[in-house]
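Data first, discussion second: the structure below is written as C-alpha cells.
Just so we're clear, the structure is a prediction, and the values are computed from it rather than from any experiment. Residue numbering restarts at 1 for every chain, and letters A, B, ... go by the order of the sequence lines.
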Amino acid sequence: MNVLTTTSIAKTLDVFLQKEDSIHLSVNSNISAESKPDVLVGYYSDLKSFNQNNHKPIIILIVSKTEDLQSNDFLSLSPNYIIDDTDFKGWARLIVKIKDELSKNKLSKAIRSEVEEKRETLEKLNSFLMAQDEERGSALKVFISEENKKRNEEKKLLYFLDFINSVYPQPDFIDQLILFLKDDIKKNAISHQLGIILLKKDQTTHDWFYQDVKNDLKHNDLTTSFEAGFTSVTLNQFMANFLRRPVGKIILWENNSSAEKFYFYIEVLGQDVNLTELDAYVSQRLSAMALAVSRKLTEFTQEVLLSNWRRMFDSTQEPTHVIDVQFNLIQSSYAFYKSDRAVKCHSVLAKRDTPCIDCPAVLKKQKGLVNIDNKNFEYSMTEFTVMNNPYFLIFYKDKTVINSLKTEYIQSEKMNTIGHLANHLTHELNNPLTGLKMSAQFILDDVGDEVTLTNDLKEILKATERSETIIKDLSEFTKVKEIYIEKVNFNKLVQKTLVLLKSITRKSKIFIDIKDRDILASFNHLQQVVFNLIKNASEASQEKTTIKIYEVVHNHYIDYVFEDNGPGVDIKNQDQLFKPFFTTKKEGDGTGLGLYLSSQLLQKMNGELIFDSTYKSGARFILRFKL
Amino acid sequence: MKILVVDDENLIRTTLCRSLERRQHLTSAAQDGAEALAMLERNDFDLVILDLLMPEKNGFDVLIEMKKQIPVIIISAFSGPEEENINNKNYPQVIGFIKKPFEDLQKLLLKIEELYANNIR
C-alpha cells in the first residue's frame, strides 16, 4: 500500500510502521495527484492542493486542536478519516487498519473477480452442457417418437391380425377384409378401387374380389388364363378391358406363400401417394392376407364338396355306407348315423349284434351277394385309406326288389301275351261259333214240328251260347281298362269269375250267399280282385278247401266276406299282407303283388280290402263298399 | 236285292246266303277280300255284307279298293281300335256294323233289311 505524506509525518509513521513491509511510505513535500497513492495522510494545508480528479485515495486528515477548519474545507477535501495530530499511534494504527482493509478489499476484489471468472466459466460450461442436453434431449425425443411410431404400427398390425382372426369364420370374410383395408389405407392413399386377385396354379378359374366405384363388393370368376401373372401395367390393361373404363394408376403387391399367386392392388387417381409408408403398411400385412383369403376359398370349395358328398348319401334310396374297420358307420344313407354315438353297420342293416359273416369289409370282396335280414343284396365295395386308416364304401342293391320286378315284368308280359292270345282266340273261336249258331237256327227253322230233332238242335244252340259266354268272359277279363266306376252286380260278377276259375276251383267247395245288389265299382278290376281272392284261398292248402263267399249289410256299407278253411295267415305275416312283394310262396310262384294290387284297386274304387285277423279257422278277407 | 256276302267262315257264308235267299234275295259269296273285289268288278250288287278279318285282302282293303259305291254292312267278331274307325264318316259306304256272334238269325236278317231300307231313304 502506498502512503503519501509529508516529511514530518513520515518520520513519525516510519517508526510505527517499520514492521509493515507492505506499507510503503512515500514522501513528497508537494503532494500532488501524480503519484497516485492509496492513502494520503497530512494536515489540511498539505492536502488541500491535492487534485483528486482521477484518483481518490483514502484521505486521512490530521487535525490539531488549534487548527480552525471550516466545513467547506471538509467538503472540498472530503477526508475519509480525521485523526488528532497527537495520536501518533493512532495514525499508525489507522493506516495499518486501512492497509488491512485495503488488502482485504483487494483480496475480496480478487476473490470476487476470480469468482466472477469462475462464474463465467461455469456459465459457459452450463450453457454448453445445456446445449448438449438439449441435443441429447431432442435426440431422445426423436428416438421416443420413433419408438412410439413403431409401437403404434405394431398395434395396428396386431389389430389387423386380430380383425382377420375374428372375422374369418364369417361367410363374407373376404368382402369385409376389402372394406377394412380400403378404410385403413385412407391415411396413406385414397383408393378409387381396391381388390384382391388369386390365380390358382392348376385351374383355369381364378378369383377376383374388389370394391368398385359404387362401393359395391364384387366377386368375379376369371376364366381367362393368366399363366404369366400380373404386373401393374398388365393388370391396368386387363381391368380397363374388363371394367370398360379408363383405369388409374395401379399399385400392385404380389405374394406366393399360399397355393395360389396372391395379388393385392389399389387403383389411385392422380394423387401423390406416400409410397414408402403405403408399401410398409401393405408389406406387413400381405402374407397374413394371402394365407387367410386362400384358406377361406379352400374352405368354400371344401364345403361344396362336403355337401355334395353328404347329399349323395341322403339321396340314395338303397343302403349305402362308409364303415371303418370296426364296422362303425361313418357315413350312411340312413339318417340316424348322424347321432353322436358310434353305430355299428350290422346292427342297423342286419339287426345283429355281431358283424355279418359275409360282410364285404371282412371278406374284402369288391362284388358279391349277401343275405341281410332275409333280403338278398348285391354289393359293390371299395376300400380307401384316409390318414392311414382303412375305410370301406359299400353300395347295396336290393336284389329282392329286382327279382320281384323281373318276375312282375315277366308276369305282365305274360299277361300281355295272354291278352293278345285271348283276343286272337276269341275272334278265331267266334267265327266257327257264329257259324254253328246260325246253322243250328237255320235248321231249326226248317225242321218245323219234328220234336227230337228240334230238341237236339236246341241243345246245340245252348252249347254254342255257353261257349259264347266263356269266350266273352275271357275276353273281358283280359282287357286292361281304365277304372270305370259303374253299377256292378256283385253276384253276377262272382259267378262270371268262377267260370274262369273252373280248373282251380274244381278242388274246392264254394258256397255263395250274395243277393243281387248294385254297388259302385269298376267291373273289370273288381273281377281281378275276386279272382285273386278265390285263387289265394284255393291255393292256401294242398288239400281241398272250402270257400265261403257271403255278404254282411251294415248301415252305410256292405261287406262281402271271403272265408276259407285253410291254414290262415301267420301272425308274424299279418301286417305285411298287403305290402308289395310279400308272399309266402316259393320264389317264382306268384309275385307277392296280388293282395297289394287288389288293395290298391279297392282303394281306387272307394272301397277297402280288409283282412280279418279275428277269424281263426282260416283266412277271412272282406271287400267293403260304401252304400 | 242282290247281296254279296264276304266272310272267311264257311258256315257263316252258307247259312247267311241260304237264309237271305229264303227271303227272296239273290246272293253271292266270297271267302276273302281278293275274291270279293273281283266279284264286285264283274257284277253289280245292291248290298255287300263284309267281314273284316280275312286272309289275302281283309275287309279294310275291300272298303278302300272297291270302286263302286255300294252300301256295305260290316260284320266282325270283336271290336278294337281299327273297328272303331269304321263308321260312316271315314267310309261313307258303311251303313251299319253288326257284331258277331249274332244273337238270333231272324233278327239279323231283319236288321240287314232295315239298314238297307234306311239307307235308300
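Atom CD of B:Glu103 has 12 or fewer heavy atoms from other residues, nucleotides or ligands within 6.0 Å. Counted within 6.0 Å of NZ on B:Lys2, heavy atoms from surrounding residues, nucleotides or ligands total more than 12; the atom is thus considered enclosed. Residue-environment remark: NZ (B:Lys68) exceeds the threshold of 12 foreign heavy atoms within 6.0 Å. In the displayed structure, B:Arg18 atom CZ is contacted under 6.0 Å by at most 12 heavy atoms of other residues, nucleotides or ligands.
If you measure heavy-atom distances from B:Arg13 to chain A, you find no contacts under 4.5 Å at all.
At least one side-chain heavy atom of A:Phe442 sits under 4.5 Å from a side-chain heavy atom of B:Arg22.
In terms of heavy-atom proximity, B:Leu11 sits nearest to A:Leu436 at CD1-N, 3.6 Å.
Not a single donor-acceptor pair under 3.5 Å links the side chain of B:Glu9 to the backbone N or O of A:Gly435. Checked by atom type and distance alone, the side chain of B:Lys100 never pairs as donor or acceptor with a backbone atom of A:Asn430 at under 3.5 Å.
Here the straight-line distance linking atom CG of B:Leu53 with atom CG of A:Asn431 works out to 8.5 Å at 0.5 Å rounding. Here NZ of A:Lys437 is found 13.0 Å from OG1 of B:Thr15. Values are rounded to the nearest 0.5 Å.
Here the rule is side-chain contact (heavy atoms from CB on, under 4.5 Å) with A:Met438, and of B:Leu108, B:Asp104, B:Thr14 only B:Leu108 fits it.
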